[in-house]
Visitor: 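Got a structure here, written out as structure tokens. Questions coming.
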Amino acid sequence: MRQSLVMGNWKLNGSRAEGLALANAIATGLRPGNKGIVVCVPYVYLSDVQDAIKDTPLALGSQNVADQESGAYTGEISAAMLKECGCAYALVGHSERRSYYGDTNESVAARFVQAQKEGITPVLCIGETLEERESDTTFAVIDEQLGAVIDLAGVEAIEFSVIAYEPVWAIGTGKVASDQQAQEVHKYIREKIAAKSQAVADKVQILYGGSVKPSNAKAIFAMPDIDGGLIGGASLDAESFLTIYQST
Ligand code: 13P
């Protein structure tokens, strides 16, 4: 049985005070022994949130990580720096990074490797655009996005990662993939990994992301290959985020 996992991605939202209030409100709603709940906060608030949630079950993640270890890469944040700020997870390859900031399959794979070198669990985000879905290339896109990481890091590395399937057309649009649509792709991802290692496929957590809300979370999380969610908008409200967490 895989541990379920619910992650909030705050994206480019909130002030320091709002972030701290949100983290505190989420942590207050948890009981000792709760597991599998993470917030991915803006870099500049990581240390503040780290202090606020220490000794609580809430874990911390970043929204990206550099594809290099160190050196002359102005504006980048390394995995070692994130480790110091208490990050247990780092998102890599979020579709907003891929589409607005030029992250490629190759650079995403390099980010994945950098995170793992520091013992940070990379959360590999993959998913197709509406155009790709409508032209029946969803599985080909998944093959390329997942394949680039497996080629660089090896299938065994996938065991120590999380995969987030986020169809681009469902992110922030209110258009959620149906339970069946999501399950179909999750099953495909797991089978793809199983073709190289059944043991890894059985263990890896695969999250769904894209317009998950308290009203639809339970049905999505009930699907056999969906192990939890990566939540954007609804993670900015403590009550909504906690309700989604309690739906696992
Ligand atoms: P929404 O939940 O706002 O659709 O965002 C999903 C997402 O991109 C999480 O990373």
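All values below come from the heavy atoms of this structure, side chains included, with hydrogens, waters and symmetry mates left out. Each ligand, and each atom within it, is numbered from 1 in the order the structure gives.
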Visitor: Distance only, no hydrogens: is a donor on one side chain within 3.5 Å (strictly under) of an acceptor on the other, for Q183 and D179?
Guide: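 No, no side-chain donor-acceptor pair sits under 3.5 Å.
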
Visitor: List ligand 1 atoms under 4.0 Å from L230, heavy atoms only on the residue side.
Guide: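 So the answer, numbered in order with elements, is 9 (C), 10 (O).
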
Visitor: Enumerate donor-acceptor pairs with a distance under 3.5 Å from any side-chain N or O in residues 71-81 to protein atoms, sequence neighbours excluded.
Guide:
from: Y73; atom 1: OH; to: Q68; atom 2: OE1; distance (Å): 3.4
from: S78; atom 1: OG; to: A80; atom 2: N; distance (Å): 3.4
from: S78; atom 1: OG; to: M81; atom 2: N; distance (Å): 3.1

Visitor: What is the closest protein heavy atom to atom 3 (O) of ligand 1, and at what distance does it sit?
Guide: G233 N, 2.8 Å

Visitor: Test your reading of the model: is there a side-chain donor-acceptor pair from S107 to the backbone of D103, 3.5 Å cut-off?
Guide: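 Between the backbone of D103 and the side chain of S107 there is no qualifying donor-acceptor contact (under 3.5 Å).
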
Visitor: Below 4.0 Å from any atom of ligand 1, is there a heavy atom belonging to K11?
Guide: yes

Visitor: If only atom types and distance count, is the side chain of K213 paired as donor or acceptor with the main-chain N or O of S211 below 3.5 Å?
Guide: yes

Visitor: At under 4.0 Å between heavy atoms, is it the side chain or the backbone of A170 that contacts ligand 1, or both, or neither?
Guide: backbone

Visitor: Could you tell me, atom by atom, which parts of ligand 1 come under 4.0 Å of a heavy atom of N9?
Guide: 9 (C), 10 (O)

Visitor: May I ask you to say whether R2 pairs ionically with D227, meaning some side-chain N is under 4.0 Å from a carboxylate O?
Guide: yes

Visitor: Please work out which of G232, P167, G172 has its closest non-hydrogen atom nearest to atom 4 (O) of ligand 1.
Guide: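 Looking at heavy atoms only, G172 sits closest to atom 4 (O) of ligand 1.
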
Visitor: Pairs of nitrogen or oxygen atoms closer than 3.5 Å, one from S211 and one from ligand 1: do any exist?
Guide: yes

Visitor: According to salt bridge (Lys or Arg N to Asp or Glu O under 4.0 Å), who are the partners of K203, at least two apart in sequence or on a separate chain?
Guide: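 Testing K203 for salt bridge (Lys or Arg N to Asp or Glu O under 4.0 Å), a comparison that skips the adjacent residues, returns E159.
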
Visitor: Considering both backbone and side-chain atoms of E166, is one of its nitrogen or oxygen atoms within less than 3.5 Å of a nitrogen or oxygen in ligand 1?
Guide: yes

Visitor: Test L130 against every option in E132, E134, E128 by the side chain to side chain contact (heavy atoms under 4.5 Å, CB included) rule and name the one that passes.
Guide: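 Testing L130 for a side chain to side chain contact (heavy atoms under 4.5 Å, CB included) against E132, E134, E128 leaves exactly one candidate, E134.
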
Visitor: Using heavy-atom distances only, which candidate in H94, K175, Q63 approaches atom 8 (O) of ligand 1 most closely?
Guide: H94

Visitor: Show me which atoms of ligand 1 lie under 4.0 Å from any heavy atom of G210.
Guide: 4 (O), 6 (C)

